[in-house]
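This report refers to the structure that appears directly beneath it.
Every chain is numbered from 1 and lettered A, B, ... according to where its sequence line falls, protein lines coming before strand lines.
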Amino acid sequence: MRVQALTAVLAAELVLLASIGGCGRRTTPPATPLTPTVFQPLRQELNKSYAELFRIAPTLEYSQAQIDSMREYLKQAEDFCIGRVDDRADQYEKQLAAYQEKLREPATNGGRHNLHCEIQNTRAMMNQAKVLAQTAIPVSYENRKAKLDLIQNWPTDLKTIKQQIASGAYRDRRWGNVEDIGFREVASGQEDDIKTGQDAIRDMKAAGLMPRAIEDPEVVNYVRNLGARIASRSDLQVPLHITVLNSQEINAFALPGGYLFIERGLLEAVENESQLAGVIAHEIAHAAARHGHKLMVRATISSIIYQAAEVAAIMLTGGVASIGIYYAMQYGFFGLGLVLNLNLLGVSREYELEADQLGIQYAWNSGYDPSGFINFFDKMASKEGYVRGISWFHSHPPFYQRMVEAQREIMFLPARPAITNTREFQQMKRALARVTAEARAEESEPNRPSLLSPEPGCPPPPIISFQDQRQVEDVCQLNPEQLAPRHGRSLRAD
Amino acid sequence: MPAKPRATRTAARQIIAGGLALTFWAARVPAVEPDAPRNLYVSVERDGRPVEGLDPTNFRLFVDGSPAPVQLAPQEQPAQVVFVIENSSSAEYYRTEIAAAMQEFEETAPEGHWYALVSFARDVEVVADFTRRKENIASAFDSMGQSGWQDISTFDAVYNVVGKLRRIRGRHIVVLIGSGLDRYSERSLGDAEKQLQASDVTIYAIGTGTLLRRQYEPYVFPGLRMSEMQARGVLETLAEDSGGKVWFPDSASGFADAMRGVFTDMALQYRLFYAGGIPPDGKLHKINVKIVDFGGRAPGYKVRARKGWRAA
Ligand SMILES: [Zn+2]
C-alpha cells in the first residue's frame with residue numbers, strides 16, 4: 001500500500017509519538033492472527049466498497065475461525081490505535097501543565113501573551129485528539145467490522161432476500177407500496193412541524209450555532225432544484241426549504257417542518273449526483289416521517305438546542321471553557337453536527353433505519369441510482385474526511401444492519417434506468433470550487449484576527465486531520481517523520 | 001411550540017452563553033506594554049472640511065501640557081473595524097434605518113480591511129468574526145435574530161470589544177450603533193472609558209435616540225426623554241475620549257450618510273507616532289495636538305484627537 005503523507009498537524013516539539021505510555025490500553029500493535037496468505041487478502045477485502053462486497057461475498061471462502069480471528073484482531077488494533085491517540089492527548093495535557101507552571105514565573109506582557117497562545121493552541125489540539133479517539137477511530141473500525149460481518153453473513157442473507165423476491169413476500173414489508181409514494185400517509189400532521197422548525201432555526205441563530213449561508217446562485221439553485229425534484233417524488237407534504245451552509249463539515253440535517261440544511265463540506269465530498277440525492281432523500285425522509293416531532297414529545301426544540309449546546313460545550317472542552325465552540329467551528333475542528341449531537345434532533349436506531357429505507361425509495365423514485373446512498377456512506381466511513389464528517393455517524397445503528405437493510409431495499413425496488421451523474425452536477429462543482437477557494441483563503445489566512453479567540457492575536461491552532469484516502473490504521477502506525485505540518489509553521493507565537 | 005415561561009428562557013440563555021463561551025472572556029492581560037510606542041490617529045478640519053496634505057512639521061504634540069516628539073507615519077493596513085450594534089427590543093423600531101447604514105457599508109466601504117459584527121442587548125455576542133468579505137457582514141446582520149431583551153449593556157459591549165482589540169495588533173475602529181442607553185451592564189461608563197484610554201481604539205457612534213424620540217415617542221416608555229439625553233451624552237463621551245465622531249441621524253438616508261462619514265473620516269486621518277513612554281501609574285495623561293503652518297501660527301484648524309492615554 002502506498003504510504004501517504006499525513007496532513008496533520010502538530011508542532012514538532014509536541015510530536016512525541018515514539019514514547020507510548022499506558023492507560024490500560026494496548027501499547028503494542030497486535031500480532032497478525034492468521035498466516036499472511038489468509039490475512040493479507042482478507043485485509044484487502046475490508047478495504048473494498050460495500051457495493052463490491054455485496055457482489056463478491058458469496059464467492060469468498062473464509063472459514064468461521066478465520067473470520068473470528070480477524071474480528072479479534074480488529075478489536076485489538078482499535079484498542080491500540082485509540083491508545084496511541086489517547087497518549088497523544090495525554091502528552092498535550094502534560095505540555096499544558098508545563099505551560100501553566102510557567103505562568104507562575106514573572107514574565108513580560110509579551111511573554112505572557114505567547115504563553116497564553118501556547119496554552120490555547122495545545123488545548124485545541126488536545127480536544128481534537130480526544131474527538132479522534134472517542135469518535136473518529138471507533139467509526140472507522142466499526143466500518144471494518146461491518147464488512148467482516150458482511151463477508152460472513154451476506155451469502156445467507158442474500159438467499160433469504162431472493163426467496164422473498166421469488167415468493168412475492170417482499171411486497172408485504174413496511175412501506176412496501178412504493179407505487180403509492182406521495183399518496184400514502186407516512187406520518188400525518190407534517191404541517192404542525194413548520195412552526196417547530198422555524199423556532200429551532202431562530203434558537204440556533206440566537207445560540208450562534210447557525211453557520212453562514214452560501215449565496216452563490218449556481219450552487220444554491222442546483223441544490224434547491226435537486227431537493228425539489230426529490231421532494232416532489234417523496235411522501236413529504238410540506239414545502240421544502242433548503243439552505244446551503246458555508247461550513248467545512250461533511251453533513252446535512254433536517255429540522256422539523258421541511259427545513260433542510262446542506263453543508264458545504266458535503267457538496268465537496270459527494271462524487272456524483274446520485275450520492276447527493278441519496279443524502280438529501282434520507283433527510284427528506286426524516287421530515288416526512290416526522291422523526292423530529294416523535295422524538296420531541298416531551299421536550300421543546302429550544303430545550304433540545306440548549307441541551308445540545310451544553311453537551312457540546314462539555315464534550316468538546318472537557319468541561320473547561322478552554323476554547324469556544326463557535327471558535328472551533330470557525331476553524332473547522334468540529335462541525336455543527338457534532339456540536340448539536342444530532343441524535344437529539346431526530347436520530348434513533350429505529351428512525352434511522354426507516355429514513356434509510358424511505359430515502360432510498362425517494363432517490364429511486366426520482367430516477368437516481370439508489371446505491372448512491374450506500375456508496376457515499378462507505379466513502380465517508382472508510383476514507384476521507386472522517387473527522388469532518390464524523391457526526392454523520394453519531395449514534396447511528398450498527399453499520400452492518402444499516403448497509404444490509406439498505407441493499408435489501410434496493411433489491412426489492414423494481415429495476416429502472418437510473419441517473420448517476422448530470423452535467424448540472426459538474427457545473428455546481430465548478431461554482432462550488434470558487435466558493436470553497438474564497439472560504440478557505442480566509443479560513444487559512446495566517447494573520448486573521450479573531451474576536452472569538454480566548455487569547456486574541458495568537459496564530460491559528462493546527463488542525464488534526466488526515467489526507468483523503470488515508471486509512472485510519474495507518475494513522476496509528478505512523479512514524480514521527482511522516483508527520484508534516486499543514487500550516488507550514490510551528491505553534492510558537494512570534 | 002408553546003410559549004416558554006420567561007424565567008426558564010432567561011436561565012437557559014445565560015447558561016448557553018456561559019457554557020458556549022459565546023460571550024466574551026474577561027480580559028486577562030494588558031497587551032499594550034506601558035512603554036510601547038503609541039499610535040495617535042487624528043482628524044484635522046478647517047471650515048468644516050477635512051484638511052489633507054499636512055506634513056510632520058505641521059503637528060505639535062503635548063502630553064500633560066509638555067511638548068513631546070512626534071512623527072507622522074502611514075496608516076496601518078488593514079484596519080480592524082468592528083460594528084457593535086444594539087439589538088434590544090427597542091432597537092427593533094429602527095432596524096430599517098440600521099439596515100440602510102449597513103447597506104451603505106456594503107456598497108461603499110473600502111475593500112481590504114478586516115470587518116466583524118458584534119451585537120448586544122443584555123449579552124454581548126459575536127455575530128460574525130473578522131472577515132475581509134463585506135457581504136459576510138451584511139448577511140450576518142440580515143440573519144441577526146431579535147434578541148427580545150429590553151436590557152441594554154452598552155458599557156459592557158464597549159468594555160469587552162475594546163478589551164479584545166487591545167490585545168490584537170493593528171489599527172482599531174469601533175462603529176457603535178445604538179441608543180447609548182444602559183440598563184444592565186456589569187461595567188460602568190467609567191470602566192469603559194478607562195479601557196478606551198488604555199487602547200488605541202477610535203469609536204465612531206451612530207446614535208439612534210433622535211429617531212426613537214421623534215418617530216416613536218407616543219409608543220415608548222415614559223422617562224425616555226430624560227434618559228435619551230443622557231444616552232446621547234454617553235455616545236458623545238465615548239467618541240470624544242477616543243478621537244472619534246458621533247452622528248444622530250433621523251432617517252434611513254441619514255444613517256447611510258453617517259456610515260459613509262465614518263469611512264471618509266477614517267481614510268483621511270493622520271497617524272502620529274509617539275515614541276515616548278506613558279508612565280504606568282493608572283492616571284490619564286492628557287494629549288493635545290496643535291497644527292501650525294509655516295509662520296508658526298494655526299489659523300482656524302480644528303484637530304480631533306483622543307483625550308488622553310492611560311497605562312494600566
Ligand atoms: Zn439520519
Side-chain angles (χ1 to χ4, degrees), chain A residues 107-110 112-113 115-116 195-196 198-210 212-215 246 296 300-303 305-307 309-314 317 319 321-327 330 339 438-439 441-442 445 447-458, chain B residues 1-4 8-9 11-13 15-34 36 78 80 82 114 116-118 123 125-133 135-136 139-140 142-148 160-161 163-170 172 312:
Chain A
T108 62
N109 285 330
R112 195 154 292 270
H113 166 74
L115 212 44
H116 286 188
K195 175 82 170 58
T196 315
Q198 288 169 345
D199 287 345
I201 293 167
R202 190 203 55 216
D203 288 350
M204 284 176 67
K205 282 183 178 166
L209 290 174
M210 191 65 91
R212 253 181 9 243
I214 286 178
E215 282 164 14
N246 201 343
M296 282 194 300
T300 63
I301 193 89
S302 298
S303 69
I305 286 167
Y306 152 65
Q307 196 188 335
E310 208 188 25
V311 166
I314 292 166
T317 64
S322 57
I323 182 158
I325 298 299
Y326 197 109
Y327 180 58
Q330 294 249 330
V339 168
E438 279 171 5
E442 191 153 298
E445 177 141 359
N447 295 318
R448 176 187 181 195
S450 175
L451 291 172
L452 294 160
S453 165
E455 179 78 16
C458 298
Chain B
M1 188 188 84
K4 275 184 87 181
T8 323
R9 233 188 133 73
R13 208 183 157 81
I15 299 169
I16 286 184
L20 270 179
L22 288 173
T23 49
F24 289 93
W25 280 263
R28 282 180 296 193
V29 281
V32 181
E33 304 259 1
Q80 294 154 24
V82 186
W114 289 108
L117 175 61
V118 169
D123 303 310
E125 289 179 13
V126 177
V127 183
D129 204 356
F130 282 114
T131 170
R132 287 184 192 274
R133 298 167 59 77
E135 63 270 32
N136 290 351
S139 67
D142 290 342
S143 70
M144 223 166 79
Q146 299 174 348
S147 77
N160 287 338
V161 170
K164 282 276 174 177
L165 291 176
R166 277 178 63 195
R167 294 188 284 155
I168 309 175
R169 240 173 273 167
H172 305 119

message: If you apply the rule side chain to side chain contact (heavy atoms under 4.5 Å, CB included), what do you find for Leu451(A) with Leu165(B), and how did you get there?
response: CA-CA 8 Å; Leu451(A) 291 172; Leu165(B) 291 176; 4.2 Å; yes
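- Of all heavy-atom pairs spanning Pro449(A) and Asp129(B), the tightest one is O-OD1, 4.2 Å.
- With a threshold of 4.5 angstrom between heavy atoms, Glu215(A) approaches chain B through side-chain atoms but not through N, CA, C or O.
- Taking CG from Asn246(A) and OG from Ser139(B), the interatomic distance works out to 9.5 Å, rounded to the nearest 0.5 Å.
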- request: Start with the C-alpha distance between His113(A) and Arg167(B), add both sets of side-chain angles, then the distance that settles side chain to side chain contact (heavy atoms under 4.5 Å, CB included), and finish with yes or no.
  value: CA-CA 9 Å; His113(A) 166 74; Arg167(B) 294 188 284 155; 5.5 Å; no
